[in-house]
Structure formats: structure tokens, C-alpha cells
2 protein chains.
Amino acid sequence: MYSYEYPRPALTVDCVIFGLDKHTLKILLIQRAKEPFAGSWAFPGGFVDMDETTENAAKRELEEETGIQDMFLEQLYTFSKVDRDPRGRVVSVAYYALVKMQDYKISAADDAQDARWFAVDQLPPLAFDHQDIFSVAMERLRGKLRYQPIGFELLPEKFTLSQIQDLYEAVLGKKLDKRNFRKKILSMNLLVDLQERQKGVAHRSAKLYQFDRNNYLALQEKGFVFEI
Amino acid sequence: MYSYEYPRPALTVDCVIFGLDKHTLKILLIQRAKEPFAGSWAFPGGFVDMDETTENAAKRELEEETGIQDMFLEQLYTFSKVDRDPRGRVVSVAYYALVKMQDYKISAADDAQDARWFAVDQLPPLAFDHQDIFSVAMERLRGKLRYQPIGFELLPEKFTLSQIQDLYEAVLGKKLDKRNFRKKILSMNLLVDLQERQKGVAHRSAKLYQFDRNNYLALQEKGFVFEI
DNA sequence: CCAAAAGTGTTCTCCATACACCCATGC
DNA sequence: GCATGGGTGTATGGAGAACACTTTTGG
């Protein structure tokens with residue numbers, strides 16, 4: 001019926017990289033130097049090699065663009081509109097990544113292109129169908145954050161309760177009650193009290209916590225389901 | 001950096017088709033006639049044409065195999081292990097479909113191959129990485145069923161409360177309390193009481209209901225979230 | 001001493017859960 | 001009349017939501 005020699009779409013990956021800048025959720029974009037969409041901003045991405053999985057391709061692109069290794073990375077969706085790239089048929093597997101912005105000062109990418117962080121509610125016009133990709137990514141992040149402890153991937157190793165709450169408020173787009181939020185998150189036994197405090201703040205300093213990944217895995221085995 | 005003329009992986013779609021047979025969740029498999037994996041069972045699928053989206057390719061394959069149109073169809077995940085197909089590099093975008101088995105008596109496919117429904121807990125060995133695809137599909141179905149009203153896609157238009165409950169029990173793999181289940185599902189106002197009853201059963205006949213899609217969409221607008 | 005954020009308890013409402021018996025129908 | 005599944009109500013406990021003031025610290 002079909003032959004392995006039929007014309008094939010080109011296969012690429014695109015990466016939506018989320019970072020948290022104080023109270024603002026941001027994504028990393030790259031300004032395109034060439035046509036099509038020269039001057040427009042786009043997600044970092046590139047072609048999938050014959051000897052790598054799409055996930056490896058995404059990791060490779062991420063490292064090339066940001067130098068970051070070992071970040072949270074998850075497949076998002078595969079975009080295949082026939083005319084999504086004016087140069088020809090290109091199917092793209094999109095991934096999204098969560099990075100700890102503080103740890104890595106990604107000012108510009110390794111290559112000549114301009115790379116910048118943009119607040120998710122102040123994006124420039126995006127190239128290709130990247131606006132669609134962004135919408136799907138935002139929706140996924142919002143959904144996942146509620147029932148999986150992935151928010152910690154956006155925070156520094158040591159963080160305060162207010163930082164987590166700010167994160168949740170930034171992503172979910174609504175205010176949460178401080179007392180109820182703390183009660184809930186502490187009752188899950190997923191945070192280790194580091195017996196340390198913030199430094200260099202002009203007010204009462206907050207206690208620092210760390211996410212207890214091991215206990216999360218152990219609890220998960222017993223049927224525990226994270227939810228906020 | 002990259003050229004559009006680089007070698008490209010082949011691109012296929014595979015479809016996990018779920019159906020409900022009384023109390024049993026089943027999937028449709030096709031027996032392979034040729035090598036590799038001749039005689040093994042596999043999900044229906046095929047190559048993506050240059051002028052169709054992956055979703056259209058999946059729909060086309062589904063129609064070719066089952067004759068069904070307009071079923072629930074959703075992208076599942078893209079599988080890209082380098083050696084997943086012994087014939088060469090093939091990346092596959094998997095979809096899953098929910099069909100009303102009663103409506104369509106899919107005994108065998110249009111073409112010569114053997115197509116059969118298998119209970120999900122009694123599957124034969126599967127070709128390629130289709131066991132992985134199946135695992136992801138089951139997990140997705142279980143997850144989605146709880147917070148989106150997609151179960152109705154597996155039931156006839158008119159169904160009884162026991163039928164929905166059986167469906168949930170089959171997919172989630174556990175018994176549910178009859179009174180609590182009914183209370184919950186009726187309280188959502190998503191079921192229209194058709195003022196009709198089952199026929200041809202050797203016991204008290206049950207009331208028939210229909211899913212109220214319009215009201216679901218209206219409620220969703222107002223922030224209602226389905227959950228069982 | 002002032003500004004700024006940290007930290008903390010109680011009440012109420014509502015929803016999930018547990019649980020057992022009678023009813024209608026066809027054979 | 002009996003076997004089979006249909007259909008129904010209540011009591012309890014626990015979790016989510018609402019809500020405001022005191023504490024600490026640096027400047």
C-alpha cells in the first residue's frame with residue numbers, strides 16, 4: 001500500500017522554555033535572522049537527526065541555546081498543519097521545559113542570534129504557528145501545575161513559601177489565600193524545613209524550604225496524589 | 001545550520017481504538033500479514049501523506065479500517081525511538097479514538113487483514129513498540145475519564161446509569177458505590193432523562209439517559225469542571 | 001518608628017463516603 | 001415465585017474557604 005520511499009515531511013522540534021522572574025512567568029524566544037519571518041521571534045528548535053529521538057533533539061537544542069542541562073522537559077504536542085512552514089512540509093514535535101532562571105543567567109544564546117525572555121502576557125508576534133504552540137504550552141502548564149509538583153522546577157533549590165505561592169498565582173492567574181495555601185502545602189509533607197532564613201531583605205526574613213523529591217516518590221507509591 | 005535536504009525520518013500515525021463491550025474495555029487490533037512482525041497484532045496506522053495533517057491521516061486510517069466517521073479522536077503522543085521499526089527510521093504520532101461499538105459492527109476490516117477486538121487485559125503480543133503506545137493510551141484514558149466527560153463517547157446515544165457506572169468501573173479498574181455514583185452524576189445536570197426505558201431485559205427495566213453536550217458546553221463557559 | 005513582608009487559628013459549609021433494603025419485570 | 005438488576009436516603013467526618021491581626025527585620 002505505502003512504500004518507505006514516499007516523500008516525507010521534514011521533522012523538527014520546538015521548545016517552549018518557561019522561567020520565573022520574581023512574580024512574572026516568562027518564556028525564552030529567539031529572534032530570527034533569516035527569512036521566512038526574519039526579525040520575528042520564535043521558539044528555539046531545529047531538525048531531528050536520523051540517530052536521535054525527538055526528546056534528545058529537544059535536549060540538544062536547549063543546551064545549544066541556553067547551556068542548561070538536566071532541566072524538566074516534557075513532550076507537548078505535535079503540530080502538523082500542512083502550511084505551517086512556508087518553505088515546505090514540516091511537522092514539528094513541540095516540547096516544553098521548566099528552568100530555574102536564577103541559576104543560569106541566559107542573557108543571549110551561544111550563536112549570533114538574539115535571545116530574550118518575555119513575560120507571557122507581553123509576547124511579541126511569533127513566527128510560524130508558534131502562537132498556537134504557546135497556547136497549548138500555557139494550557140498544559142496550568143493544568144499540570146495543579147496536580148503534579150512541577151512548580152518547584154521553576155524555583156531555586158531553596159525557596160520560601162511566598163515564592164511558591166507567587167509562582168502559583170503567576171501561572172494560574174489568580175490570587176490565593178495565604179493561610180490556606182500554606183496549610184495545604186505544608187500538610188503534604190513534601191517540603192523540608194531547612195532551618196535557614198532568607199538574607200538581605202528589608203523586612204522579616206522568611207524560612208527556606210526545599211522540595212523533598214524522595215518523599216514525593218515514596219508517597220506516590222502509596223497512592224498519594226499531589227493537588228493544589 | 002541545517003538544510004531542508006537532510007535525511008528525514010519517515011512519519012506515520014498509529015491509532016488506539018477503544019470500545020466498550022458490555023463490561024469490558026477493548027481495543028481494535030490488526031494482524032500483520034507481512035514482515036516485520038508478521039502474524040503479530042498491531043494498531044491500525046500508516047504513513048502521513050504530504051498534503052494532510054497527522055490528525056487527518058489518523059482519521060483516514062480509522063475510516064479505512066473500521067468505516068467509522070466522526071468518532072472522538074485525540075492526539076496521544078509521538079514515539080520516536082530510533083530502532084522502533086526494524087526497517088528504518090520511523091517516527092509515529094499516536095492517536096486514540098473512542099467508538100460506540102454497538103453502533104458499528106466492525107467484524108473485520110475492509111482489506112484482507114484480520115481485525116479483532118481484544119479485552120485490554122488480555123492482549124496478544126504486540127508488534128513494534130505498540131505495547132508502549134498502549135500503556136500511554138490506557139494511562140491517558142484513565143486520567144481523562146475522571147475530569148472530562150469523554151466516557152459517553154464509548155456508550156450508545158441512549159444509555160442507563162448502570163452502563164455509565166460499568167464503564168467507569170471497567171476503565172478505572174475498581175468498584176464504585178452505586179448510590180454515590182448516581183447522586184454525583186445526576187447532580188451535574190449533564191444527563192437528560194429521556195422518559196424511556198430499556199427493553200428486552202429479564203428484570204426491572206432501567207431509565208434511559210442521554211448526554212447533554214450543549215449544557216456541558218454552557219456550564220463549562222461558567223467555569224464548571226467535570227469530575228468523577 | 002515606619003515600611004514591608006512573614007507568620008499564624010478558628011469557624012462554617014459542603015461534599016465524599018459508608019452503608020442495606022425494597023421494587024419492578026420477565027420467565 | 002424467584003432471579004435479576006433497578007432504584008433510593010441518611011448520618012458522619014474531613015477538607016476547602018473565608019477571614020485579620022501580630023511579629024520581625026532593615027533602613
Side-chain angles (χ1 to χ4, degrees), chain A residues 20-24 145-147 155-156 158-170 172-210 219 222-228, chain B residues 20-24 145-147 155-156 158-170 172-210 219 222-228:
Chain A
L20 188 71
D21 188 357
K22 198 153 171 62
H23 294 206
T24 311
L145 198 65
R146 300 232 17 221
Y147 64 91
L155 296 175
K158 303 175 177 187
F159 51 80
T160 68
L161 293 180
S162 294
Q163 279 178 295
I164 320 181
Q165 187 173 345
D166 286 348
L167 159 64
Y168 272 85
E169 291 180 349
L172 302 180
K174 65 178 179 195
K175 283 276 165 204
L176 301 172
D177 179 84
K178 185 161 60 160
R179 279 173 289 191
N180 292 336
F181 183 84
R182 287 169 180 237
K183 217 182 312 172
K184 176 118 188 208
I185 200 139
L186 287 175
S187 73
M188 288 193 257
N189 284 326
L190 292 177
L191 299 187
V192 183
D193 182 342
L194 292 172
Q195 311 287 359
E196 271 181 82
R197 298 189 155 270
Q198 260 184 324
K199 280 174 190 148
V201 289
H203 51 78
R204 178 172 179 178
S205 62
K207 288 167 96 169
L208 289 171
Y209 293 85
Q210 192 170 26
L219 288 169
K222 295 185 215 152
F224 166 82
V225 180
F226 180 90
E227 195 195 336
I228 276 197
Chain B
L20 188 71
D21 188 357
K22 197 153 172 63
H23 294 206
T24 310
L145 198 65
R146 304 234 11 223
Y147 63 92
L155 296 176
K158 302 175 177 187
F159 51 80
T160 69
L161 292 181
S162 295
Q163 280 179 294
I164 319 181
Q165 187 173 347
D166 287 346
L167 159 64
Y168 273 83
E169 292 181 348
L172 302 180
K174 65 178 179 193
K175 283 276 165 202
L176 301 171
D177 180 84
K178 184 161 62 163
R179 278 174 291 192
N180 293 336
F181 183 85
R182 286 169 181 237
K183 216 184 310 174
K184 177 119 188 209
I185 200 139
L186 287 175
S187 73
M188 289 193 257
N189 283 327
L190 291 177
L191 299 187
V192 183
D193 181 343
L194 292 171
Q195 311 286 359
E196 271 181 80
R197 297 189 156 270
Q198 259 184 325
K199 280 173 191 151
V201 289
H203 52 76
R204 177 172 178 178
S205 61
K207 286 167 98 170
L208 290 171
Y209 293 86
Q210 191 169 27
L219 288 170
K222 295 185 213 152
F224 166 82
V225 181
F226 180 89
E227 195 195 335
I228 276 196

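None of the values given here were measured: they were computed from a predicted structure.
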By salt bridge (charged side-chain N to carboxylate O under 4.0 Å, His left out), A:Asp21 pairs with (sequence neighbours left out) A:Lys26
With respect to B:Tyr209, which candidate in B:Leu155, B:Ile164, B:Ile185, B:Leu186 satisfies the side chain to side chain contact (heavy atoms under 4.5 Å, CB included) definition?
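Only match with B:Tyr209 under side chain to side chain contact (heavy atoms under 4.5 Å, CB included): B:Leu186.
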The complete set of ring-ring contact (aromatic ring centres under 6.0 Å, His included) pairs with one or both residues in residues 172-195 of chain A, sequence neighbours excluded, reads A:Tyr168-A:Phe181
Here the ring-ring contact (aromatic ring centres under 6.0 Å, His included) pairs for residues 184-208 of chain B, sequence neighbours left out, are none
Check: Do any N or O atoms from the side chain of A:Gln198 and from the backbone of A:Ala206 form a donor-acceptor pair under 3.5 angstrom?
Finding: yes
- Message: So does A:Val192 get a backbone contact from the side chain of A:Gln210, meaning a donor-acceptor N/O pair under 3.5 Å?
- Response: no
First and last nucleotide of DNA chain D touching chain A, 5' to 3', heavy-atom cut-off 4.0 Å?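 Contact boundaries, 5' end first: D:dG16 to D:dG26.
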- Tell me, which of residues 177-195 of chain A have any heavy atom that sits under 4.0 Å from an atom in DNA chain C?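 Residues of residues 177-195 of chain A under 4.0 Å from DNA chain C: A:Lys178, A:Arg179, A:Arg182, A:Lys183.
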(message) Let's see if you get this right: which residues in residues 160-170 of chain B place a heavy atom under 4.0 Å from DNA chain C?
(response)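 Close to the strand, none.
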message: I want to check something: taking the side chain as every heavy atom from C-beta on, are A:Asn189 and A:Phe224 in contact at a cut-off of under 4.5 Å?
response: no
- Query: Who passes ring-ring contact (aromatic ring centres under 6.0 Å, His included) against A:Phe159, sequence neighbours left out?
  - Reply: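 Per chain and number, A:Phe159 pairs via ring-ring contact (aromatic ring centres under 6.0 Å, His included) with A:Phe152.
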For B:Asp177, what residues pass the side-chain contact (heavy atoms from CB on, under 4.5 Å) criterion, not counting sequence neighbours?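 Result, side-chain contact (heavy atoms from CB on, under 4.5 Å) vs B:Asp177: B:Arg179, B:Asn180.
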Fill in: Residues forming a side-chain contact (heavy atoms from CB on, under 4.5 Å) with A:Tyr147, sequence neighbours excluded
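Here the qualifying residues are A:Lys144, B:Tyr147.
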Taken in chain and number order and not counting sequence neighbours, the residues that satisfy side-chain hydrogen bond (donor to acceptor under 3.5 Å, both in side chains) with A:Lys207 are A:Asp193
* To do: Report the residues that fulfil side-chain hydrogen bond (donor to acceptor under 3.5 Å, both in side chains) with B:Gln165, sequence neighbours left out, ordered by chain and then residue number.
  =>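 By the side-chain hydrogen bond (donor to acceptor under 3.5 Å, both in side chains) rule, B:Gln165 matches B:Glu169.
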Per-nt protein contacts along nucleotides 22-27 of chain C (heavy atom under 4.0 Å; B base, S backbone sugar-phosphate only, - none) come out as -BBBS-
